[in-house]
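Heads up, the thing below is written out as structure tokens.
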Number of protein chains: 2
Amino acid sequence: MLEYLYPARTYLIVSGREKPNVMTADWVTALSFSPAMLGVAIGHTRYTHKLIKKYKEFVVAVPTIELLKDVWTAGTASGADRDKTEILALTFIPSKKVATPSIKECQANIECKVVNEVETGDHTFFVGEIVDASYGDAFRRGVDLSYRFILHADFGKRFTTNTSEIYEP
Amino acid sequence: MLEYLYPARTYLIVSGREKPNVMTADWVTALSFSPAMLGVAIGHTRYTHKLIKKYKEFVVAVPTIELLKDVWTAGTASGADRDKTEILALTFIPSKKVATPSIKECQANIECKVVNEVETGDHTFFVGEIVDASYGDAFRRGVDLSYRFILHADFGKRFTTNTSEIYEP
């Protein structure tokens, strides 16, 4: 019944330090304006789960549709088996306030420190306080809807994007 | 920095029983496949916060762009001041497993019982176990992207939708 929440925005979660790992995640939400907080649910079996548990920090990176191939690879290959940085065409750059790197090609990188971990069934919900962020042209003047952010259609291989049309009630 | 997570899917949260209340919420995420769980962050000052605290259940309803006017009203008027059901063109129908009603005009209604409440800054994150759900044509054969689900562009009055284009990596 979770599919009724779809299509859902798709993000990349960066974890780890010297050997960073990237996974794709749809289960991300804002949580608080002040302090600024967000949360991400990560499956217990994921390598990212282990890395966030260890370093207590992560970066939420915001890809656009041009990065779809890497988004798919990051969501299907496991960093436990291989160094994902070798198979992804993504550039890791230093973050500002956390040791976990950011992704150059993404339109935003939101740097988070874990302040709470909540067990929710087969996932852990990591609550992060946002300590800093960097952004690209898509966010220079508010949220620019001419950029095509990624939506996962369901739990399979179909993706879509937002339109650039604006509706005002 | 939360705006970097936008555009974000917009849902309706139904709470209360005899006098149900509806609010608009972007801060909703899936949390677990088994058991099926989702979470929603509700501001401390919201009337919905009081009602979910009281009844320990809520319904996540999935509107499409045709309902944008009501989505906006539900997100800006407070149920503490007035009975929102009187100003919304929405039809409340019985849910299957919770006493909180569903919304007839929505494409899905996900019925949740609260299993955990997590304080996250200025919001409470209500963790719900999904106990049942009903759905419309948009979900009869998977997620039908020809339906225009609502995305909130940012924290203001701009909304957009998904396209019907499908991308496969």
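Naming: A, B, ... by sequence-line order, numbering from 1 per chain.
For the pair T160(B)/S164(A), no side-chain contact is recorded, criterion being any heavy-atom separation below 4.5 Å from C-beta on. Contact annotation: the side chain of V71(B) never approaches that of P169(A) to less than 4.5 Å [non-hydrogen atoms, C-beta and beyond]. No side-chain heavy atom of D26(B) sits under 4.5 Å from any side-chain heavy atom of T29(A).
Only the side chain of V62(B) comes within contact range of chain A, with at least one heavy atom under 4.5 Å from a heavy atom of that chain. Looking at Y6(B), the atoms closer than 4.5 Å to chain A (heavy atoms on both sides) sit in the backbone and in the side chain alike. Interface remark: Y147(B) contributes no atoms to any contact with chain A (heavy atom separation under 4.5 Å). Within the 4.5 angstrom heavy-atom criterion, no atom of I42(B) approaches chain A.
Pairs engaging residues 103-113 of chain A under the side-chain hydrogen bond (donor to acceptor under 3.5 Å, both in side chains) rule: T91(A)-E105(A) [sequence neighbours left out].
Remark: E168(B) engages R158(A), I166(B) in a side chain to side chain contact (heavy atoms under 4.5 Å, CB included) (not counting sequence neighbours). Residues passing the side chain to side chain contact (heavy atoms under 4.5 Å, CB included) test with A30(A), sequence neighbours excluded: L2(B), L5(B), W27(B).
Under the 6.0 Å cut-off for aromatic ring centres, Y167(B) and F159(A) do not qualify, their centroids lying 6.0 Å or more apart. Less than 6.0 angstrom separates the ring centroid of F155(B) from the ring centroid of F33(A).
Inspection of non-hydrogen atoms places no residue of residues 47-56 of chain A under 4.5 Å from chain B.
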Go through N162(B) and N162(A) one step at a time and tell me if the side chain to side chain contact (heavy atoms under 4.5 Å, CB included) criterion holds.
-> CA-CA 4 Å; N162(B) 52 287; N162(A) 51 286; over 6 Å; no

